[in-house]
Amino acid sequence: MATPQQTVSAPRPRQKAAAPVPRPDRRFYAQTQAFGRFGIRWFDPQIMPQEHFHGHIELNWLTAGGMDYVIDGRPLSIPAERVVMFWAGIPHQTVALDTGPRGDSRQCNVYLPLDTFLHMPNLGRLTETMMGGGVVMLQPGTLGADTLQRWYQDYRSGDAERADILKEEIALMLRRAALTGWDSLMDPWIESVGSSTRAASPLRYVVAMIRHILENLSAPLRAEDVAKVVGLHPNYALNLFTDVMRVPLHKFVVRMRLIRARSLLFEGSLSIENVAFESGFSALSQFYVQFRNAYGLTPRQMRAHYLR
């Protein structure tokens with residue numbers, strides 16, 4: 001296991017890769033603290049000077065050695081050649097490194113936007129574990145350097161179809177992990193908020209609100225109803241959600257509905273009107289405005305663009 005006192009060689013200079021070509025929906029995935037953009041990085045692992053957090057489910061993979069993390073004040077060690085996965089919205093920091101016997105360890109990170117992850121089907125307990133603050137390590141052999149390099153090339157290609165296939169492959173990998181299981185590096189600690197809970201942490205309240213939103217996305221979602229789920233005053237609940245998620249609750253709801261709508265459009269079997277209502281938009285005009293503002297295309301244009 002790595003120790004904080006270990007001397008780490010300086011990172012080797014590397015040629016910067018060309019930025020991926022923007023997609024038509026790039027505005028929707030603009031980088032913010034609340035909603036991170038999908039991404040993949042290969043880099044020299046580094047000790048972080050301070051903890052940080054961002055709006056992703058993060059997947060880490062090392063070619064050699066290992067590293068020590070502190071996540072919400074809890075220490076854990078990450079080995080090489082295993083996929084380690086956690087909710088990066090919880091403050092985390094790399095505090096020590098082992099760069100392997102030759103000192104040439106490389107790290108690959110996959111950044112999956114939280115809202116995209118929450119819409120992935122059939123993940124069951126894996127979703128609960130992530131939202132509960134758990135840290136998991138997928139089964140040996142789940143991913144290797146060759147697959148991660150191919151994913152990275154797909155991500156950098158700027159080709160919309162390659163990018164969509166890449167994300168589908170990630171979703172299938174996680175679906176398999178949900179079925180076959182994983183090793184736990186840190187058990188979930190953000191417990192559900194129940195009627196008997198008097199001193200739940202802010203994260204517990206917010207997780208309960210997110211769960212309620214996902215389960216009722218196609219229904220009207222008033223702030224009063226969401227706050228009632230956790231037994232809080234609506235104003236306090238809204239402020240709490242914004243403080244933790246760095247985005248207002250209503251904007252989070254709209255974004256989740258837009259992701260559902262985009263998914264339904266790609267299935268191709270529903271009319272535009274039914275896509276809007278199945279996604280929770282009460283008015284078709286509102287759906288068109290929100291969709292075009294988010295993606296830069298109308299729903300019909302996006303369906304034609306990706307299903308041509």
Side-chain angles (χ1 to χ4, degrees), residues 2 8-23 25-26 28-71 76 78-100 103-117 120 130 135-138 142-160 162-171 173-174 185:
V8 181
S9 58
R12 301 176 299 285
R14 295 179 181 270
Q15 186 176 2
K16 186 176 181 181
V21 178
R23 293 166 53 112
D25 53 2
R26 63 191 180 276
F28 184 71
Y29 294 102
Q31 181 69 49
T32 69
Q33 279 190 312
F35 296 126
R37 184 168 51 194
F38 174 82
I40 300 178
R41 292 178 61 212
W42 275 96
F43 58 98
D44 295 316
Q46 299 177 2
I47 292 176
M48 296 164 56
Q50 60 189 23
E51 66 181 15
H52 74 162
F53 50 88
H54 45 91
H56 297 93
I57 297 295
E58 183 172 323
L59 283 69
N60 290 179
W61 193 89
L62 290 167
T63 60
M67 60 185 181
D68 290 349
Y69 259 121
V70 173
I71 297 183
L76 60 87
I78 293 178
E81 298 186 328
R82 296 287 297 273
V83 179
V84 174
M85 181 175 173
F86 59 92
W87 178 16
I90 298 172
H92 57 282
Q93 179 182 10
T94 308
V95 296
L97 293 173
D98 172 3
T99 55
D104 61 352
S105 177
R106 293 280 285 165
Q107 181 173 347
C108 182
N109 282 6
V110 177
Y111 302 100
L112 190 61
L114 174 63
D115 44 0
T116 301
F117 170 77
M120 288 184 172
M130 289 295 97
V135 181
V136 305
M137 186 163 60
L138 305 189
T142 296
L143 282 180
D146 289 346
T147 298
L148 286 166
Q149 288 286 1
R150 175 172 57 80
W151 282 3
Y152 183 70
Q153 294 304 318
D154 288 340
Y155 166 64
R156 288 283 173 181
S157 70
D159 184 280
R162 286 178 65 177
D164 283 338
I165 291 172
L166 159 61
K167 292 174 185 177
E168 289 174 6
E169 289 182 358
I170 293 173
M173 177 193 71
L174 298 181
L185 293 180

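- The one candidate from V83, V84, I78 that meets the side-chain contact (heavy atoms from CB on, under 4.5 Å) condition with M137 is V84.
- The shortest non-hydrogen separation linking H92 to I90 is ND1-O, 3.0 Å.
- Looking at H52, its side chain never comes within 3.5 Å of a backbone N or O of Q50 through a donor-acceptor pair.
- Taken to the nearest 0.5 Å, the CD1 atom of I170 stands 5.0 Å off from the CD1 atom of I40.
- Between the CD atom of E58 and the CH2 atom of W87 there is a distance of 14.0 Å, given to the nearest 0.5 Å.
- Distance CG/L114 to NE2/H56: 9.5 Å, rounded to 0.5 Å.
- Here the side chain of S105 pairs no donor or acceptor atom with the backbone of G100 at under 3.5 angstrom.
- The closest donor-acceptor contact from the side chain of Q93 to the backbone of M48 lies under 3.5 Å.
- Sorted by first and then second residue, the pairs that involve residues 80-91 and meet salt bridge (Lys or Arg N to Asp or Glu O under 4.0 Å), not counting sequence neighbours, are R82-D183.
- In this structure, the salt bridge (charged side-chain N to carboxylate O under 4.0 Å, His left out) partners of E169, at least two apart in sequence or on a different chain, are R150.
- The CG atom of N60 sits 5.0 Å away from atom CD of Q107, with the distance rounded to the nearest 0.5 Å.
- Distance check: W42 CH2 to T63 OG1 gives 6.5 Å after rounding to the nearest 0.5 Å.
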